[in-house]
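To start, the structure itself, in structure tokens.
Here is how names work: the chains are called A, B, and so on, in the same order as the sequence lines, proteins then strands, and each is numbered from 1.
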Number of protein chains: 2
Amino acid sequence: MEPTKRPKRVTITDVAARAGVSTAAVSKVLRNAYGVSPAMQERVRAAMAELDYRPHAAARGMRGRTYTIGVLLDSLRNTFFADILDGVQQQLRGSDYTVLIGAAGFGASEQARTVQSMVDRQMDGLILIAPGTSRAEVLATAETVPTVVIGHHDTAAVHDSVVDADDQGAALVVDHLAALGHRRIALLAAPGLKGSQWKLTPEAVLAKGYTAAMKRHGLAPQALAAAYSEEGGYEAGKRLLSAADRPTAIMAGADVAALGVYRAAAELGLGIPGDLSLVGYNNTAVAALAPVQLTSVDQAGATMGATAARMLIERVEGRRSQAMQTAMTPRLVVRSSTAAPHAD
Amino acid sequence: MEPTKRPKRVTITDVAARAGVSTAAVSKVLRNAYGVSPAMQERVRAAMAELDYRPHAAARGMRGRTYTIGVLLDSLRNTFFADILDGVQQQLRGSDYTVLIGAAGFGASEQARTVQSMVDRQMDGLILIAPGTSRAEVLATAETVPTVVIGHHDTAAVHDSVVDADDQGAALVVDHLAALGHRRIALLAAPGLKGSQWKLTPEAVLAKGYTAAMKRHGLAPQALAAAYSEEGGYEAGKRLLSAADRPTAIMAGADVAALGVYRAAAELGLGIPGDLSLVGYNNTAVAALAPVQLTSVDQAGATMGATAARMLIERVEGRRSQAMQTAMTPRLVVRSSTAAPHAD
DNA sequence: CCGACTTTGTAGAACGTTCTCCACGATGGG
DNA sequence: CCCATCGTGGAGAACGTTCTACAAAGTCGG
């Protein structure tokens, strides 16, 4: 009749028939629930193996879990997220959970739509990496699904958080540059998310730490907004470096932005580190590349990811109900993009 | 407040009640199926808006589609995939489909598990980027779910393909280097996937094109296997450059591997492009960075992604049943990592 | 006006799980 | 022995959709 389009799936019913038990029994084995004798256990497992049975996650989602963890991020281009994700995957390896990633772009509404998609797909837990969605929306989501927020320092009773001590990171950089003899040290940080209600975004905390450290050294802070992209760094760098008394050192809140500054400096004929010391943030793989050699701040992305995953699973499996925050200590990685400034 | 944990969802039943119609009617409106009067259409839409209704994708999956497209890739670290994904997202913007990404790592079995996860989650279509899974498994999957394979040149009646003309890409590079006067031009390409049954992986086609071009120029080909990672490029580069008559130019099958070669050259005191010309592949964002300036081959990743998405949706929505292949023409982007070799 | 269509809307059966009850037999204390 | 308890397994109702039938109400040509 029909050209047999799609081969039909093996279902729990098939397994039950094969093992000569009820579907309820198979379900119990599947979830290793209480009330199953070892004998039946084994028979069912054998039947599942013979038929190459795999539970239909979509169907599971109708009643219980889908064994899916969603990770929201803005862009795949920031390889720091790859570090985080490695940690997540590693932590979840061997478990039954699958990680699916939504790359939503930088728009708040697109991110919100992506998060909703994940909720609609009945994901068991969400990891939101520095979400641009409004705080209210994140809180509403967290009310529905276990959620871990990475990046933002704002805490909430309803979701867990994993952050890096960005203020300490900024201090490390300022101390390093000040020790080299720099006095005009500028900061490029992402512009705030307007109206998003997040008070303590990574960039805000970074800026706070930077300002405090500068004051501690008796130096005048100079901060400029720059999108965390090559282009953003380039534009801000161009402005800073064309000014009358240009800084002798620039720290950027992301490696990729620092590399934009690099291009601006190159165009203006400024050598690095001769005429300008440059520091990035995140210590992504690019920073370590032979031709790049960018001094940066390591955030142990993999550890952050692993921690987030562990915390999330605790929540998903109901082993913890209190919210929790984890902070990582950053570490300065000095490479050859920083040096003492010219003698004035 | 009540201590009730999870607020219940708005379902199709709620909408039906609000609009004073049957759930079947609401479903029809949702799928804009045949047999709905404009009046009812409007009433239902109003009710959906009032209640802020969103269809439950997991439930949809039980019967029909989930409006989800899965993208399989090995690692987020290769930013070429970000280009592809941008294209996919852009093509699907405004549609009802959500894109979810599985980063499965390089292992064949892990990739297979990830693909199965996607099938189990009842995704409507899959885009597999240079899958390491065996060909047989991919064919089996494509039998069940509409699938587009990106990268591998092997065609099949059961899935669509989007490829880059890698042989042409290799020729572009060899021609460029030969024109500069190079005669010892080595190729670093990924090792084949053993036992995977793919005959025409991107790297195999690249190697073929390279060999043909070298012969055309009367030059002796010299190919070496190298994983497409910084480390892989470094190791292969070290070996090549320490040998007696080291090549004066190296082309790598991926930018990231070329950057590994860069490190090897730096360690051996070889300048680029003075002592060694270096060419990458994919023209990822790193290649264009100010301190990098790597000559590379552009593959129009975004276009590949957009094309793959368009082809996939045609299949998903049943507008096409014949398999289809699309090939892109690569373009050489010359930067400052290539120059004439030293006069011998 | 009458039958034959067409259009619009509904009832209700899937889909593949989970999970709450419930039944049944075996055990054991009194 | 009787009755409560326990351990094991099964029946069957959800879960939120889709979609096939089918009923009811027009519409229209003759």
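Under the 4.5 Å side-chain criterion, counting only non-hydrogen atoms from C-beta, A:L100 is not in contact with A:M118.
The side chain to side chain contact (heavy atoms under 4.5 Å, CB included) search around A:T133 returns A:Q111, A:A112, A:P131, A:E137, A:V138, not counting sequence neighbours. In this structure B:D154 satisfies the side-chain hydrogen bond (donor to acceptor under 3.5 Å, both in side chains) test with no other residue, sequence neighbours excluded. Here B:R18 pairs with B:E50 under the side-chain hydrogen bond (donor to acceptor under 3.5 Å, both in side chains) rule; sequence neighbours left out. The salt bridge (Lys or Arg N to Asp or Glu O under 4.0 Å) search around B:D160 returns B:R315, B:R320, not counting sequence neighbours.
In this structure, the CZ atom of A:R60 is 21 Å from the P atom of D:dT17, given to the nearest Å. Between the CZ atom of B:R54 and the C1' atom of D:dG16 there is a distance of 14 Å, given to the nearest Å. In this structure, CD1 of B:I12 is placed 11 Å from P of D:dC19, rounded to the nearest angstrom. One atom, NE2 of B:H56, and another, C1' of C:dC15, lie 14 Å apart when rounded to the nearest Å. In this structure, B:M48 places its CE atom 11 Å from P of D:dT17, rounding to the nearest Å. Distance, A:D96 CG to C:dT18 P: 12 Å, rounded to whole Å. In this structure, B:R65 places its CZ atom 17 Å from C1' of C:dC15, rounding to the nearest Å. Nucleotide C:dT18 holds its P atom 13 Å from the CD atom of A:Q122, rounded to whole Å.
Listed by first and then second residue, the ring-ring contact (aromatic ring centres under 6.0 Å, His included) pairs involving residues 128-155 of chain A are A:H152-A:W198 (not counting sequence neighbours). Legend: salt bridge (Lys or Arg N to Asp or Glu O under 4.0 Å) pairs involving residues 92-115 of chain A, not counting sequence neighbours, sorted by first then second residue: A:R93-B:E110, A:E110-B:R93. Within the structure, ring-ring contact (aromatic ring centres under 6.0 Å, His included) pairs that include any residue of residues 63-109 of chain B comprise B:Y67-B:Y97 (at least two apart or interchain). Screening residues 13-51 of chain A for ring-ring contact (aromatic ring centres under 6.0 Å, His included), with sequence neighbours left out, gives no hits. Applying the salt bridge (Lys or Arg N to Asp or Glu O under 4.0 Å) test to pairs two or more places apart or on separate chains, none has a residue in residues 60-72 of chain B.
Side-chain polar atoms of A:R121 and A:T68 form no donor-acceptor pair below 3.5 angstrom.
The nearest heavy atom of DNA chain D to B:R31 and to B:M62 marks one nucleotide each, and the one closer to the 5' end goes with B:M62.
Rounded to 10 degrees, the angle separating the terminal axes of the helix from C:dC1-D:dG30 to C:dG30-D:dC1 is 50°, with each axis obtained from five end pairs.
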Inset, instruction - Apply side-chain contact (heavy atoms from CB on, under 4.5 Å) to A:I127 and A:V162, showing your working. - result: CA-CA 10 Å; A:I127 296 178; A:V162 175; over 6 Å; no
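Phosphate contact (OP1/OP2 of D:dT17, side-chain N/O of B:Y53, threshold under 4.0 Å): present. Taking 4.0 angstrom as the limit, A:S27 places a side-chain polar atom (N or O) nearer than this to OP1 or OP2 of C:dT18.
Counting any heavy atom pair closer than 4.0 Å across all strands shown, B:T11 reaches sugar-phosphate atoms only and no base atom.
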Taking N or O atoms only and anything under 3.5 Å, show me the protein contacts with nucleotides 22-27 of chain C, one pair per line.
none

Inset, instruction - Sugar-phosphate means primed atoms, P, OP1 and OP2; the rest is base. With that split, encode nucleotides 8-14 of chain D 5' to 3' as B, S or - using protein heavy atoms under 4.0 Å. - result: SBBBB-B
